[in-house]
Structure formats: C-alpha cells, structure tokens
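Throughout, a chain's letter reflects where its sequence line sits, starting with A, and its residues are numbered from 1.
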Amino acid sequence: DSHIQYERVGADVTMKCGSMDWDSAVTWTANGTDIDESHLNGSYLILKNVDLTQSGQYSCYEGSPWHLKYQTYLHVGVPPKEPVLMCRSNNYPKGFYCSWHLPTPTYIPNYFNISVIHGTREMVCEKDVFPKNRCHIRYLQLFSTVKYKVTLTVTNALGKSSTTLTFDEFAIVKPDPPESVVAKPVPNNPRRLEVSWQNPSSWPDPESFPLKFFLRYRPLILDQWQHVELSDGTSHTITDAYAGKEYIIQVAAKDNDIGTWSDWSVAVHATPWTEEPKHLTTEAQITETTSTSTSSFMPPPTTKICDKGAVVGSGSVAVCWTAGLVLAAYGVLFI
Amino acid sequence: MAAADSASATLRRRDLCSRGIRLAGKMRSDVVDLLDTYVERQGLDASASVAAVEGVPVAAVERWDEQTGTQRLLENLAAYRAFRALLAQMLEEQQEQLGEADATLGRALAAVLLQVSAFTYHLEELLRLENRGPPGEEAAVPPMPPPLSLFERKLRGLGVLRELAQWAVRSARDLRQLTKPGPGSGVAPSPAESP
C-alpha cells in the first residue's frame, strides 16, 4: 500500500517502515535514491526541518534482495493564509459571482467551501467549471436592504483559514467595460473625433437597466485627460481635439442608478482629419513654405519680399502683388 | 376617434413614466443625502442593522421581472402612500423632539415628503390611464404602530429612509418596464375590457 502524508515546512518528520520493528535492518530511498544511514534511527527515517525540495516518494526495503515494506509520498507545504475574496455583479439583475485566490501558495492541495447567506436564507453558489476559483449566485430577490454575507473557507491537510464579505445588493454592481470602442476622424473637421461603443455583452437588459458612460481622451503628447460623462447614448463627438494630434480614448460604464464604474475599456487611437498637404515636385517649390490655401499658386503670406514703407493706397498688397507676379513666373518656369 | 384616444393615452403614459423616472432618480439622490443628515442628527450608527418594521413597505421582491404593469403600479402606489404617512409622522416627531433647533433636518424631510407626494400623484394618474383607477386611500395606509421609545422611533426612521431609497431605485426600474413594449410592461385588462 502506498501512503500519502503532508508535513509543514520546517517540521521534523519521522517515518516508520510500516509494521517493522525499530531494530529491523532496512533501507530507505527517496525518489529511488538511497538515503544515507545517518538519517536513520533504527528502522525509522528522520527528516529534520523539512523543506519543499524534500517532497517526494519515500520507500522502505528489507533484506536482500530488497522487499518493499512501506511506501509513502511526502508532500511538504504550509497551511493556507487568509484567502482573498471578491464578489461582483456584472450582469445585474441576474445575479453575482464571487472569486477567490490565496495570497501565497501552499504547495499542497486546497479545498474551498463557500457559503452565501441572505437574511435567514442560505443560497447556492454554483461553481464555475472554469475558472475553478469562482462561483455564481442567482438573485432570488431584488431591491433588498438585507445584506449578503459570503464566507469562504479554504482547507488543506495542514490547516484552514476563512474570510467573510458582507455587502448590499447595490454595492457590488460593476459592469464590464464597454465593447467595440471605435474612434474616427470627421471629414473636413480638424478638431473633431467621433467615438462610438457598445454596451458590454454581459449586461443582460440595458433597456430596463440603462448604463451611463464616462469617456476620457487626451493627445498622446500630453498626460492630462479630458473627461465627459454621458447619461445616454453610445456615441459622442469630441469637438476640441488638437488638430493633427493622435489621441488615445477610453470609455467606462456604470448602471444609471447603482454600483460603481467599470474598468476602462481597451484604448483606441485616432487622429483628427487634416487636409492633405500639396505635393511639391520641384526643388524650388520644396524650399518654399506651404500655403493652406487651395487656390492656385500664390506667394506665401510669410514671405516678406516687399517694403511696407512703399505701400500706396489700400496697403501692402499693391506693392507685393508686383513681387508676387515675379515669383509666380519663376514658379511656372520650374514646374 | 378611439385610435386617437389610445395614441393620446400612450403619449400621456410615456410622459408620466419619463417624468416619474426622473423624479424617482432625484428622490433617491435626496433620500441618500437625507440619510446622512438623519444619521448624524439623530446620533445613530450608519451601519446599524434595522429589523423590518411593521408598516414600512419593503422594496425587496421576488420574481420582479415577471410582474405585470398593473402589479407594479399597485405595489408602488401602496408603498408611496405608506411612505407619505410615515414621513409626515417623522416630520411631526422631529419637530416635537428638536423643534426649530434642527431646521435642516426638518426641511430635508419636508422636501422628500413633497417628492413622495408628487410621485404618488404620478402613480395614481398612470393607474387612471390603465382604466384601473387607484384604490381607496384607506386600503393603502398601514395601521398606526404601537407607541415607541425615542430610540425606537429613531431606528424606525432609519428603516423608513433606507426602504424609501430602495423603493426609489425599484420605482425607476418599474416605470422603465412600463415603457417597454412586450408582456412585461403590459397591464391586465380591466374587467370591462376582458373577453
């Protein structure tokens, strides 16, 4: 018969060779490797201050050829610390789920038991197949002021620990982030971005339990976010974007009346519409500054080629027009 | 003519539901603020558990999604009529207990009482539109509770406000259900209309 035993890290372990007498001549192996006699006290195997590396199969043999007299698998581990428990409703009003984990590993198998009490009623928490550390509860009542009490107990061969959460029905409502966030430039509008998104698919009835949204956006070159809260609809047009700058945009959701905001959605990037720059095909044209005008080639306004002091009549345009003609002719020669 | 009346009634119903939803939202927000003020002024622990008190309508409901429109309206109306009486009583007790020394609490209670009254009117109108007509007032008002000590009255007040906050959320949801097309929003036909 093969046995299993669990021991704490740091413990002193004494293994007996089954029903063999203390003074029997035996040989012990660990994972098939002979153990030095210095670890024996008679036929007992003594392991002092065990550590995790000493987990394994220990076998005791008698005589020659060896007869296997006793075998055990030693698991070295630790008792469980207080588990971390979280409960949340991302599908209100259908129900909520609780998930848990241990803050540090125990290195041996653990068993989890969860109880959910609402008033005097014990509710069933159905364990998910995956992930294994989660279960879900269907609401039997809505709009109750009676708190829910969830107790999680984790047990292993070396000890147990538990934790309890108490909460209101409304307090744990937290939707999943909005989905399918899309941001697009608006043609001919250098300061606008159109953002749209969808309700999280896990939210079962957005018509009866509408969500509100929080949108945040910033140009990549700045750290400061702009925020907009939207009480209805699943789209918004940003109208104060910096022209030509790439933006990062995210959206969060919350039930209109209760609970907390979701995590931020996956970030999307978008740059507002900009006019296509004119292509300059000659060396002379490349060295000139670009004009934003869509009219035919004109001297750029920054080019100071005329003397404002010589202006007559309506202004500098009269004198500069002559200079402009000269430049236009120059440009034509090199097209 | 019948079609025009029906269309008019539908529009009126939607309008009442929309206003009611907004009023419920505002009411809840004000009740939550009032709860903070009440707990502070009455020297209570905000996390104190209050057992269900006789006469205070409980918002908790099972199978909420299966209720008909008429059931929703009737349950809401019974609740808010009860709250109207309970808040009026709380206001009177608060004035006797603290008088003008705590006008803030008195004003906040009075404001919420006004909202509860307005919401009650909305519900009565909605029931009239369903050809149901609201039930008599006497049937909805709970019996007077036995005399309570000062501390018991304070705790009962806490329970009243907590349940009212829950009801405000439930009412907004109920009214949204009424505006949805489909069986969940439907109302049972009145005896005159049933086949």
Please report the C-alpha distance between B:E62 and A:R121 in whole Å, then the side-chain angles of each, then the deciding distance to 0.1 Å, and finally whether the salt bridge (Lys or Arg N to Asp or Glu O under 4.0 Å) criterion is met.
CA-CA 13 Å; B:E62 297 192 8; A:R121 188 189 273 179; 2.8 Å; yes
Is the number of heavy atoms from other residues, nucleotides or ligands within 6.0 Å of [atom1] ([X]) greater than 12?
| X | atom1 | result |
| --- | --- | --- |
| B:E92 | CD | no |
| A:K127 | NZ | yes |
| A:K94 | NZ | no |
| A:Y97 | OH | yes |
| A:K81 | NZ | no |
| A:R218 | CZ | yes |
| B:D45 | CG | yes |
| A:R191 | CZ | yes |

Decide, yes or no, whether a salt bridge links A:E207 with B:R173 under the criterion of side-chain N to carboxylate O below 4.0 Å.
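No salt bridge links A:E207 with B:R173.
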Please determine if A:D205 and B:R176 form a salt bridge, counting it only when a charged side-chain N lies under 4.0 Å from a carboxylate O.
no
Centroid separation under 6.0 Å, is that true for the rings of A:F143 and B:W167?
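Ring centroids of B:W167 and A:F143 are no less than 6.0 Å from each other.
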Taking the six-membered ring for Trp, are A:F209 and B:W64 closer than 6.0 Å centroid to centroid?
yes
Inter-residue atom distance A:T145.OG1 - B:L164.CG, 0.5 Å rounding
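It is 12.0 Å, given to the nearest 0.5 Å.
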Which answer fits A:Y139, side chain, backbone, both or neither, if we ask what part of it has an atom under 4.5 Å from a heavy atom of chain B?
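Answer is neither: A:Y139 stays 4.5 Å or more from chain B.
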I would like to know whether A:S208 and B:K180 meet side-chain contact (heavy atoms from CB on, under 4.5 Å); could you show each step before the answer?
CA-CA 8 Å; A:S208 303; B:K180 273 169 72 170; 2.9 Å; yes
Side chains of A:L142 and B:R170 in contact at under 4.5 Å (non-hydrogen atoms):
no
Atom of A:Q141, atom of B:A60 and distance for their closest heavy-atom approach
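Result for this residue pair: OE1-CB, 3.7 Å.
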Donor-acceptor side-chain pairing of A:S144 and B:Q166 below 3.5 angstrom:
no
Region of B:R28 in contact with chain A, defined by heavy-atom distances below 4.5 Å:
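Answer is side chain: those atoms of B:R28 sit under 4.5 Å from chain A.
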